[in-house]
Amino acid sequence: MIFTSCEKREDDYRLAFIGDSNVERWDVRRFFPTFITDNYGKSNSGLHYLEDFAGKFHGQRVVVLTGTNDLGPSETPEEIPLFLDMYSERYERAIENLGAAKIYLFSVLPTNTERNDMAHIKNNIIKDFNQRMKRCAAKHGWTYLDVYSMLLIDEQLNPSYTLDGLHPNDACYEILTNQIIRNY
């Protein structure tokens, strides 16, 4: 069999997903039936988990969706900018170190699990972080998939897209899937 540059290789249809419980719960085989998928989602994970995958995805296409567990109002308002500076730099390095040929980086999803005032603070932190990652993705040539505002209503995660105020339901996963397909 002769392969030409127009033919797709198996690697062209392989997607690795890495992230927290939002990835772990994503039935990627069902949502991407024509792709070979690997799901490396892990509940309660965060940046440390992403850093553990340095060099693992050489030459692959990787979808990254993580950050919810690390971003929250645990810092004082004065500490938040410094925390975001340091966290954003580590996050950027962790993604670079994956060794992937192509990165699809999702914005961190909004939440609505906190008391109303705390949800507003947490979602503002997430929004700030997402803006930083959008700039970072542009700098590195990563595909940034900004779904934050699509999923937001009244400054919180739209209840129509969540099982419990944090984790996506099938309607939300359909939106995420379509973003990847449109940008593939």
Side-chain angles (χ1 to χ4, degrees), residues 15-23 26 41 44-51 53-54 57 61-98 100 102-162 165-168 171-184:
L15 279 172
F17 293 75
I18 185 167
D20 52 29
S21 57
N22 291 329
V23 172
W26 194 348
N44 299 314
S45 68
L47 184 52
H48 287 291
Y49 183 67
L50 188 61
E51 290 169 329
F53 283 85
F57 298 108
R61 294 174 188 251
V62 178
V63 177
V64 178
L65 173 57
T66 193
T68 303
N69 295 323
D70 295 329
L71 299 173
S74 57
E75 290 76 24
T76 65
E78 299 78 30
E79 295 171 324
I80 290 171
L82 180 59
F83 166 78
L84 282 173
D85 287 344
M86 292 186 312
Y87 184 79
S88 298
E89 288 174 20
R90 277 185 60 205
Y91 199 94
E92 177 181 2
R93 267 193 318 275
I95 294 172
E96 283 180 296
N97 290 339
L98 294 175
K102 178 78 175 167
I103 295 287
Y104 299 91
L105 176 60
F106 273 104
S107 57
V108 177
L109 309 182
T111 70
N112 66 5
T113 57
E114 312 288 335
R115 293 186 330 268
N116 222 12
D117 57 334
M118 295 305 280
H120 181 72
I121 293 168
K122 181 169 183 158
N123 285 332
N124 278 336
I125 293 168
I126 291 171
K127 191 181 335 181
D128 186 355
F129 175 73
N130 284 340
Q131 288 304 310
R132 292 165 185 253
M133 287 302 99
K134 184 176 185 177
R135 290 189 299 271
C136 180
K139 177 175 87 173
H140 290 283
W142 303 334
T143 301
Y144 186 74
L145 304 170
D146 188 358
V147 295
Y148 180 87
S149 58
M150 294 170 68
L151 304 177
L152 200 65
I153 189 169
D154 297 327
E155 300 301 315
Q156 295 186 37
L157 178 59
N158 186 331
S160 300
Y161 297 129
T162 182
L166 177 64
H167 298 101
C172 184
Y173 283 125
E174 189 69 35
I175 290 170
L176 301 180
T177 299
N178 287 334
Q179 288 297 309
I180 293 172
I181 298 297
R182 280 189 202 112
N183 290 281
Y184 197 74

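Hydrogens, waters and symmetry mates play no part in the numbers below; they use all other heavy atoms, side chains included.
Ring planes of Tyr173 and Trp26: parallel class, angle under 30° (limits at 30 and 60°). Ring geometry for Phe57 versus Phe53: interplanar angle under 30°, hence parallel rather than tilted (30 to 60°).
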Walk me through whether Gln179 and Asp146 qualify under side-chain contact (heavy atoms from CB on, under 4.5 Å). CA-CA 9 Å; Gln179 288 297 309; Asp146 188 358; over 6 Å; no

Determine, step by step, whether Thr111 and Leu109 satisfy the side-chain contact (heavy atoms from CB on, under 4.5 Å) criterion, reporting the C-alpha distance in whole Å, the side-chain angles of both residues, the deciding distance to 0.1 Å, and the verdict. CA-CA 7 Å; Thr111 70; Leu109 309 182; over 6 Å; no

Does the pair Glu92 and Trp142 meet the rule for a side-chain contact (heavy atoms from CB on, under 4.5 Å), with working shown? CA-CA 11 Å; Glu92 177 181 2; Trp142 303 334; 4.2 Å; yes

Given the rule in the side-chain contact (heavy atoms from CB on, under 4.5 Å) test, do Tyr87 and Leu71 qualify, once you have shown the distances and angles that lead to the verdict? CA-CA 9 Å; Tyr87 184 79; Leu71 299 173; 3.8 Å; yes

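In terms of heavy-atom proximity, Leu47 sits nearest to Tyr91 at CD1-CA, 3.7 Å. Here the closest non-hydrogen pair linking Ala171 and Ser160 is CB-O, 4.1 Å. Between Arg132 and Ser88 the shortest heavy-atom distance is CD-OG, 3.2 Å. The shortest non-hydrogen separation linking Gly72 to Lys122 is CA-CG, 4.1 Å. Taking every heavy atom of both residues into account, Asn123 and Gln156 meet most closely at ND2-CA, 3.7 Å. The shortest heavy-atom contact between Thr66 and Gly46 is OG1-CA, 4.1 Å.
Side-chain N or O atoms of Thr162 include one that pairs as donor or acceptor with a backbone N or O of His167 at under 3.5 Å. The closest donor-acceptor contact from the side chain of Tyr144 to the backbone of Asn130 lies under 3.5 Å. Judged purely by atom type and a 3.5 angstrom limit, Ser45 uses its side chain to pair as donor or acceptor with the backbone of Gly19. Of the possible donor and acceptor atoms, one in the side chain of Ser107 sits under 3.5 Å from a partner among the backbone N and O of Val147.
The 12-atom threshold is not exceeded at NZ of Lys134, counting heavy atoms of other residues, nucleotides or ligands nearer than 6.0 Å. Residue Tyr161 qualifies as open at atom OH: its count of foreign heavy atoms under 6.0 Å is 12 or below.
Side chain to side chain, Asn183 and Tyr104 fail the donor-acceptor criterion of an N or O pair below 3.5 Å.
Between the CG atom of Asp128 and the CE atom of Met133 there is a distance of 10.0 Å, given to the nearest 0.5 Å. The distance from atom CZ of Phe17 to atom CD1 of Ile180, rounded to the nearest 0.5 Å, is 4.5 Å. The CD1 atom of Ile18 sits 9.0 Å away from the CD1 atom of Ile103 when rounded to the nearest 0.5 Å. We find the CG-OG1 distance between Leu82 and Thr76 to be 10.0 Å, quoted to the nearest 0.5 Å. Taken to the nearest 0.5 Å, the CG atom of Asn97 stands 11.5 Å off from the CZ atom of Arg90. Taking CG of Leu152 as the start and CG of Asn158 as the end, the distance is 8.5 Å to the nearest 0.5 Å.
Taking the ring axis of Tyr184 as reference, the NZ or CZ atom of Arg61 stays within 45° of it and closer than 6.0 Å to the ring centre.
For the pair Leu157 and Leu166, the minimum side-chain heavy-atom distance is 4.5 Å or more.
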